[in-house]
Amino acid sequence: MAGFGVDSPVVLPDHVRYRGDQLWLLWPALRYRVVAPLVHEDRLNVFQSAVLGLARSGYREAGEMAALLGLQGDLVEMVRSDLRALSYLDRYGAVTGTGLQALQDGFPDPTRTITTYVYQDATTGSLWPASTLQPRLAQADWRARHQVSLQLRTAGAPLRVTAFPVPPEGWTDTDPPSHEEVVEAVSRGERAKQERGRARRWDRAAPERVVSRVALMTSGVPVWIPVPLVSDRHEPASTETVSWDAFSPFTGRSSTYLRRLVATRLQQVPALREQVERFIGRRSEAVVLEYDRLDIALRRRIGEVLEDRFAGLVRAHRDLFELLTLLERDMDRARLTGDGCSEIGDVVRNAWRLHEVVLRDIVARHPPPADAPELTPHGNRFAGPLGRCCRRLGMPFGEHLQVLGFKADEFRKAVRRPEKVSNTPALLAAVLVSGAHGGPDHPVRRLAEVRPHLFTELRRLSSDRNTGGAHAAVVPLNLDTGEAAWALAQHTTAAYLGVDLPDLSRPPRKDNQTHGEEQVPVDAVPQPRGPVAAPR
């Protein structure tokens, strides 16, 4: 915990009113003071683009433009006035050099620069979609290493809560955020505060003429940020899966980004996992280590099945073995119950967790060469290079569409430090490039031979594990979805371990004496019938 401790300041949240049961966490982050342009919109609106385009074509009169566009002349003149204020049009109505750049990439130049603070997750290096002009500090009383009393203030009355500080285990150093990340974080943070809601994530990075105006005024200062987890249902007698929300202290609203951070750390920090389990009163969908709770006889039976299927090599990989055991247990139960049972959701979620473990390790063990052209694409355009990677693996060129949806920084982080990446498309892109540059024994190349639509299946699996939304009630899945997720996990494991891909046409017979459930004839067990079902 170098750098994080009782002396690290605790940032006072702006919003502390939440409904339902709450578990407060202290999240480790690095605070930077930055100077950044304030981007209100990350693209020109359609009127600005149309008027700029006509001006570039030689039109100078508002009346002509209005007639061509079918708009009122006053509206066109107002748009032209805005474009002059941005220096995109000169006083004669001709397009300037800056206007040509904006028309080319569609990104408007900000007119204001602010000095503010941004916050970087200490373990993943990603920036929170938040900023604070004048951060305030909360009073913290460290009662123990894992228990801190915080003095927070609501509107008119003090509020004291007990928080659990999440240790940044494995953290030694984090690279400073890129200028592109700073611009987006400041923009999304300021917009979220003004609009009282979420600001959407950008689908592209800001151009160089914008990010060149960013300056980091300080290095990363370790701070703690209070993050409340909220559960609206808390029924210890129930066996259903409980969901929870992670709320942003800067906006007072649920945050998918923070929930992803917490869910990732749950798998890495046992103390945090115990806190969440105790809070919700039962197993969370983010908790994977149930292995120690299984009946010993059941654990032994499933272990024998897995050793037979994977030639005994699987026990050398503890995390993988435990996930396979849980996956086998849930798949057996799902086959007994059929469509719509909650066990199918457990199968899909555990299958995706298994893939996250395996795919990250594949990239770590088989990194692409430093001079791989995919790592430095022209103009951050990844579609063509990734499509060619698919062809080298014998997959359809269009498979590259399944791994798009990331930024250059996320992709480079996934290649350099795959264990810390949380963006699914970036991880899959790193896996694709790793396989394309690997030899004939590379796990991805072996998988692609039998599953040419591998990345389509992986994206669908990633979506199905969140069916119904991360914070909504579980939506029933059909058995075919569970079977397909289970089968994909078996093939991925075999390719990863370097053994022959198993024949999954006839699942092993259930041992009813150790499992304690009714025996079902093998011929009556539904078999996979095609690829993973599309997300509902």
Side-chain angles (χ1 to χ4, degrees), residues 241 260 263-264 266-267 283-291 294 302 305-306 309-310 314 317-362 402-403 422 424-425 427-428 431 443-444 446-447 450-451 453-468 470 474-497 501-502 504 507-508 525-536:
T241 301
R260 189 187 304 120
T264 301
L266 279 172
Q267 304 178 35
R283 180 173 56 85
S284 165
E285 69 267 31
V287 179
V288 298
L289 297 182
E290 306 168 57
Y291 178 78
L294 294 183
I302 296 179
V305 170
L306 296 177
R309 186 178 298 158
F310 301 113
V314 68
H317 304 264
R318 178 178 175 181
D319 291 344
L320 179 62
F321 182 77
E322 292 178 356
L323 283 168
L324 283 169
T325 301
L326 296 174
L327 187 61
E328 203 71 19
R329 177 205 63 180
D330 294 331
M331 193 68 247
D332 284 348
R333 291 178 177 176
R335 288 174 179 142
L336 282 175
T337 308
D339 291 344
C341 63
S342 61
E343 286 79 7
I344 298 177
D346 294 333
V347 169
V348 173
R349 282 185 289 273
N350 279 333
W352 176 248
R353 292 177 188 123
L354 181 146
H355 278 92
E356 284 188 309
V357 170
V358 169
L359 297 179
R360 287 189 174 110
D361 196 53
I362 286 175
Q402 302 301 323
V403 303
S422 59
T424 296
L427 174 61
L428 295 183
V431 171
V444 175
R446 296 186 61 214
L447 269 176
V450 296
R451 292 181 175 270
H453 297 281
L454 172 64
F455 292 98
T456 297
E457 294 182 89
L458 288 172
R459 282 302 296 267
R460 288 176 176 171
L461 176 61
S462 173
S463 299
D464 278 345
R465 51 99 185 226
N466 279 330
T467 297
V474 177
V475 176
L477 300 172
N478 59 50
L479 187 60
D480 285 346
T481 300
E483 290 280 7
W486 173 83
L488 180 61
Q490 309 308 308
H491 282 167
T492 300
T493 301
Y496 171 69
L497 296 176
L501 271 60
L504 305 175
V525 177
Q527 304 302 317
R529 296 192 297 273
V532 179
R536 288 156 184 78

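Not measured: the values here are computed from a predicted model. Counting from 1, the numbers follow the sequence of the chain as shown.
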(request) Mind checking the CG-CZ spacing from L326 to F321? Nearest 0.5 Å is all I need. (result) 10.0 Å
(request) Mind checking salt bridge (Lys or Arg N to Asp or Glu O under 4.0 Å) for R451 and listing every partner two or more places apart, or none if nothing turns up? (result) E457
(message) Could you report the tightest heavy-atom contact between L428 and F455, atom names first, then the distance?
(response) O-CE2, 3.5 Å
(request) State whether D332 and R329 are salt-bridged, where the test is any N-O pair (Lys NZ or Arg NE/NH1/NH2 against Asp/Glu carboxylate O) under 4.0 Å. (result) no
(message) With a 4.5 Å cut-off on side-chain heavy atoms, are W352 and T424 touching?
(response) yes
(message) Just to verify, what does T492 make a side-chain hydrogen bond (donor to acceptor under 3.5 Å, both in side chains) with, not counting sequence neighbours?
(response) H355
(request) For residues A351 and A485, report the shortest heavy-atom separation together with the two atoms involved. (result) CB-O, 3.8 Å
(request) Please report the shortest heavy-atom distance between M331 and V347, naming the atom on each side. (result) N-CG2, 3.6 Å
(request) Would you check if I302 and L324 make a side-chain contact, meaning some heavy-atom pair closer than 4.5 Å? (result) no
(message) Once rounded to the nearest 0.5 Å, what's the spacing between atom OG1 of T325 and atom CG of L306?
(response) 5.0 Å
(request) Start with the C-alpha distance between T264 and E356, add both sets of side-chain angles, then the distance that settles side-chain contact (heavy atoms from CB on, under 4.5 Å), and finish with yes or no. (result) CA-CA 10 Å; T264 301; E356 284 188 309; 6.0 Å; no
(message) Would you say that L447 contacts V444 through its side chain, given a criterion of any heavy-atom pair below 4.5 Å between the two side chains?
(response) no
(message) Could you check whether any side-chain heavy atom of D361 comes within less than 4.5 Å of a side-chain heavy atom of L320, counting everything from C-beta outward?
(response) no
(request) Apply the test side-chain contact (heavy atoms from CB on, under 4.5 Å) to residues R309 and V314: give CA-CA distance (whole Å), side-chain angles for both, the deciding distance (0.1 Å), then the verdict. (result) CA-CA 9 Å; R309 186 178 298 158; V314 68; over 6 Å; no
(message) Tell me if a side-chain donor or acceptor on D339 pairs with a main-chain N or O of L479 at a distance below 3.5 Å.
(response) yes
(message) Run R335 and E483 through side-chain contact (heavy atoms from CB on, under 4.5 Å) and show every step you take.
(response) CA-CA 9 Å; R335 288 174 179 142; E483 290 280 7; 3.0 Å; yes
(message) Which heavy atom of A494 sits nearest to which heavy atom of F310, and what is that distance?
(response) N-CE2, 3.8 Å
(request) Output yes when a side-chain donor or acceptor of R459 lies under 3.5 Å from a complementary backbone atom of Q402, and no otherwise. (result) yes
(request) Please tell me if the side chains of Q490 and L327 come closer than 4.5 Å, counting only heavy atoms from C-beta onward. (result) yes
(message) Does any part of the side chain of L501, heavy atoms only, come nearer than 4.5 Å to the side chain of R446, both counted from C-beta?
(response) yes
(message) Run the side-chain contact (heavy atoms from CB on, under 4.5 Å) test against V357 and tell me which residues pass, sequence neighbours left out.
(response) L323
